[in-house]
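Along the sequence shown, the residues carry numbers beginning at 1. Just follow the structure's listing: the first ligand is 1, and inside any ligand the first atom is 1.
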Amino acid sequence: MRFSPGDDEFRGRVAEWLAANVPAELRGAGGPGREHEAFAERLAWNRRLAAAGWTCLGWPAAHGGHDATLRQQMIFYEEYARSRAPARVAVVGEELLGPTLIAFGTPEQRRRFLPPIAAVEELWCQGYSEPGAGSDLAAVATTAVPDGGQWVITGQKMWTSLAHVADWCFVLARTEPGSRRSAGLSYLLVPMRQPGVTVRPIRQLTGTSEFNEVFFDGARAELGHVVGAPGDGWRIAKATLEFERGVGMLGQQVGFRRELEELVELARRTEAGDDPLIRDRLARAWVGLEVIRAYALDTLGESAGTGAEASVLKVLWSRWHQALGELAMDVRGAASMAGAPMAGTDDGDLDGWQRLFLFGRAETIYGGSDEIQRNIIATRALGLPRQARP
Ligand SMILES: Cc1cc2nc3c(=O)[nH]c(=O)nc-3n(C[C@H](O)[C@H](O)[C@H](O)COP(=O)(O)OP(=O)(O)OC[C@H]3O[C@@H](n4cnc5c(N)ncnc54)[C@H](O)[C@@H]3O)c2cc1C
């Protein structure tokens, strides 16, 4: 957990740049349950970050990144949260697809797709889940068939975060007719802005719509825009998921410490701060966050391990954050119910704590549900037999 003098110097540089550059009016904008806030302004901000060299920190310099160590990335996200800089909008490309292309893409694919991700010129979304394929992702039914030098894609994706603002989608599709389960799937790079793609927003518990149904109806992708060999999509898709659950989470949980500090502050100012059970839970939350941070520093970026580390981390942080939302409701007591979105109302009256509490329900679902992470930990870390499939 010790940081080197070089790390401290890096922290100083990050903090100084952010202090001088974060627009005051955007402080605290965006984030889970609030992706609709000041989107255009946050996009412009994300581009400024990119131009100043503060995106794709962990990517190799040879691919447009900055060779930052894991500690430096963590320092960046900590300072980012401290400065209350607005939530970034290009996370899916930067943290999921970029590392996947660096690991598995062809030189042409890297040349074509990495620079616009790094510059925040093209936004991405993740097209894995379908109405009949969530936890059981190998049940993907969307098909892609070659036709005249292109793939023609037909099917429906579900819960596609930020599809309504994305320029591209990485799509898991069945390219070998009659294939079953994880065989015969391919990982395709599909432009979103074309006639064969329809995006329909889904309203969430927070009253906002950050994810969508996406319909591919004869949509087209270049034949060469398949990552890995055709039919090898399962291996690539799983690698992306490990990036998502692993290093990608560092950025996702930027605000955790700030939220905890603000909650402690709120408890101090109210009666809740005198309640021994609330004090106990606040202390537990502090300990839990230290554990998450230590575990992340210890295991992420290590190539050795059981492969279950990213899943352990996902279970730790999602449970932690959900519990923080519940604790926030208890700290506020009856006031936490005021303005809650009843049926038919919009989210206009929700405050940050209510959003945190409500959106937190999603955190043990997206990126692979809690139960699925525990299955991975059971088999990979504990060596238990695989679950029987009916
Ligand atoms: C906010 C949010 C954003 C999302 N963004 C995206 C996105 O951008 N792109 C994308 O592709 N998907 C996205 N998803 C979808 C997400 O990956 C799926 O919701 C998730 O994988 C679960 O699948 P499901 O919803 O079909 O539930 P199901 O798979 O039907 O699961 C239902 C319940 O059964 C449990 N369960 C299922 N199988 C097992 C098992 N074998 N053992 C034990 N328990 C089991 C699950 O844990 C869950 O509790 C998002 C979801 C949310 C909530």
Of Pro191, Cys125, Pro116, which is the lone residue that meets side-chain contact (heavy atoms from CB on, under 4.5 Å) with Trp168?
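One option only clears the test, and that one is Pro191.
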What residue and atom, counting heavy atoms only, is the protein's closest point to [atom], and at what distance?
atom	value
atom 49 (O) of ligand 1	Glu371 OE1, 3.5 Å
atom 11 (O) of ligand 1	Ser129 N, 2.7 Å
atom 52 (C) of ligand 1	Tyr366 CB, 3.4 Å
atom 19 (O) of ligand 1	Ile365 CG2, 3.4 Å
atom 3 (C) of ligand 1	Ser161 OG, 3.2 Å
atom 31 (O) of ligand 1	Ser135 OG, 3.6 Å

Aromatic ring proximity Tyr187/Trp234, centre distance under 6.0 Å
no
Can you run down the ring pair (Phe, Tyr, Trp, His ring centres under 6.0 Å) pairs that involve residues 259-292, sequence neighbours left out, and say none if there aren't any?
none
Proximal atoms of ligand 1 relative to Tyr128 (non-hydrogen, under 4.0 Å)
11 (O)
Whichever hydrophobic residues join Leu382 through chains of side-chain contacts under 4.5 Å
Leu384
What about Glu130: any of its N or O atoms under 3.5 Å from an N or O on ligand 1?
no
